[in-house]
There are 2 protein chains.
Amino acid sequence: MRDQSLCGSLSDAELASLNAIGRHRSLARGQTLIWAGEEALVCANLLSGVLKLSAATADGREQIVGLLYPADFVGRPYAEDAEHTVTALTDAELCVFPRRPFEAALENHVHMERLLLRRTLAALDDARGRMLMLGRKTAEEKVASFLLDMGAHLGAAHPGGAGRCAPGKAAPASPAAFELPLTRAQIADVLGLTIETVSRQMTKLRRDGLIDLPAGRSVLIRNRPGLQERAEAGG
Amino acid sequence: MRDQSLCGSLSDAELASLNAIGRHRSLARGQTLIWAGEEALVCANLLSGVLKLSAATADGREQIVGLLYPADFVGRPYAEDAEHTVTALTDAELCVFPRRPFEAALENHVHMERLLLRRTLAALDDARGRMLMLGRKTAEEKVASFLLDMGAHLGAAHPGGAGRCAPGKAAPASPAAFELPLTRAQIADVLGLTIETVSRQMTKLRRDGLIDLPAGRSVLIRNRPGLQERAEAGG
DNA sequence: CGCGAGATTGAACCCTGTCAATCCGAGTGG
DNA sequence: CCACTCGGATTGACAGGGTTCAATCTCGCG
């Protein structure tokens with residue numbers, strides 16, 4: 001468990017105090033760990049699988065505001081109520097900590113707090129990058145950059161077993177083929193589009209020979225430079 | 001200077017070590033402090049004025065990914081290169097720290113680091129809230145929520161002197177009138193729209209009696225509940 | 001007065017959303 | 001084995017919200 005996650009590069013003492021309050025938990029695909037608006041009871045460390053972080057308008061429009069991959073931190077310390085809903089896109093495994101004890105552990109272990117600060121800063125950069133995409137990219141650019149992003153994150157995945165990261169390999173060259181952990185509807189919610197537009201752009205990219213869509217949710221990138229060109233912009 | 005900013009609620013020792021490395025700096029309206037892509041040389045604490053945080057696509061489309069108000073933290077510790085450009089929307093005053101020494105100070109003063117962590121977590125929530133707005137709100141909803149947001153932030157502003165926060169008054173009831181620190185073009189860049197759409201939505205809200213636009217950039221909120229209704233969603 | 005930046009307004013276009021029909025693959029039960 | 005169903009994906013037709021292009025207006029300032 002001492003991988004590149006939050007637990008990674010902690011002292012033995014720190015690891016021990018985390019283990020003392022942490023509990024292993026499995027999430028089935030579709031299951032929700034945290035509901036927006038409810039009391040934020042837990043933080044966690046994602047061990048395997050992919051989670052979505054989402055927000056919704058009063059009338060039901062949904063926006064996925066973040067995707068969480070293995071080793072990512074889950075939850076929001078220091079907030080009484082959760083701002084966003086956390087749901088499993090694939091079956092997932094977590095190391096869950098009750099929020100209060102976790103906060104206490106943070107305060108007692110400077111190193112852990114420092115690690116979380118760096119991660120949070122990185123997450124903030126990521127979120128802001130997504131804002132450029134949502135606000136200023138066309139549908140084609142959105143879909144193209146989404147596919148490239150996803151390919152990078154599912155790097156070491158064996159096509160078929162979604163999203164498990166081989167420990168040790170930090171950032172492997174993303175392979176040509178992978179399995180999307182999201183439905184078209186969820187992709188639409190990530191990109192701020194509709195199902196239909198996502199579908200159309202995908203088939204357009206396929207017709208243009210940049211990608212292939214052999215079955216259901218599997219994707220094959222045939223022409224990465226070309227795809228990057230379609231992604232334009234800075235993302 | 002011991003206000004609600006990063007410097008606020010620090011011990012004397014911590015304050016002293018910040019003062020040792022910090023330097024006061026003024027920024028004229030339109031001046032840029034940090035360029036995206038360049039080496040990130042400084043962090044800072046915003047004393048007065050309003051700054052924008054922006055990203056741009058290769059072909060020049062711009063998206064404002066954050067607005068910074070007095071007492072906000074500026075910059076990105078632990079990153080070699082800046083991801084976003086920081087520019088003054090109004091004349092502004094900052095307390096600037098060279099990044100490296102600032103990082104060192106962070107490591108030596110747990111309390112400061114903890115404060116920055118909380119702020120960063122809050123900024124992350126804010127950014128994600130904006131993602132919902134960019135991805136899922138209509139033009140009218142975007143403009144309405146922008147005006148409400150701005151009214152809240154410019155709370156204690158005397159119409160005409162943009163964005164200076166009266167110390168002590170934490171979150172005053174937002175007044176009916178304020179002066180926008182942004183041009184229509186910049187508002188468009190915040191909301192992911194065009195100048196023309198922003199303009200049209202503003203005059204629509206005026207025609208409907210929800211707001212008034214007496215002069216250039218001044219705004220008067222005539223019917224806050226009505227405006228909130230137009231803002232819909234969760235923002 | 002005239003200039004220029006910013007703002008408003010108008011008209012035409014088109015990308016994307018909406019509505020609806022169809023298709024596909026997996027699982028189920030007759 | 002096949003029909004049926006059901007969720008997800010694709011495709012088509014159409015309408016509309018927002019962009020684009022362009023003209024006009026306002027206001028501060030030299």
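Labels below follow one simple rule: chain letters A, B, ... track the order of the sequence lines, proteins then strands, and each chain is numbered from 1.
- Taking atom CZ on Arg217(A) and atom P on dG25(C), their separation rounds to 14 Å, with Å as the unit.
- Across the interface with DNA chain C, nearest-nucleotide mapping of Thr183(B) and Gln201(A) shows Thr183(B) to be the residue nearer the 5′ end.
- A salt bridge does not link Arg200(B) to Glu140(B): none of the charged nitrogens lies less than 4.0 Å from a carboxylate oxygen.
- Taking atom CD1 of residue Ile195(A) and atom P of nucleotide dG8(D), one finds them 9 Å apart after rounding to whole Å.
- Rounded to whole Å, the distance from CG on Leu193(B) to C1' on dC15(C) is 15 Å.
- When rounded to the nearest whole Å, the span between CG of Leu213(B) and C1' of dG6(C) equals 14 Å.
- Of the N and O atoms on the side chains of Thr87(A) and Thr32(A), at least one donor lies less than 3.5 Å from an acceptor on the other residue.
- Atoms CD (Glu196(A)) and P (dC19(C)) sit 10 Å apart, rounded to a whole Å.
- Side-chain contact check for Thr57(A) and Lys137(B): no donor-acceptor pair (N or O, by modelled atom type) lies under 3.5 Å.
- Donor-acceptor pairing under 3.5 Å is lacking for the side chains of Glu93(A) and Ser26(A).
- In this structure, Thr197(B) reaches the bases: a heavy-atom distance under 4.0 Å links it to at least one base atom across the strands shown.
- The separation between Arg184(B) atom CZ and dT19(D) atom P is 16 Å, rounded to whole Å.
- Distance Arg200(A) CZ to dT16(C) C1': 8 Å, rounded to the nearest Å.
- Dashed line: the shortest gap from a side-chain N or O of Thr203(A) to OP1 or OP2 of dT11(D) is under 4.0 Å.
- Distance, Lys142(A) NZ to dG17(C) C1': 12 Å, rounded to whole Å.
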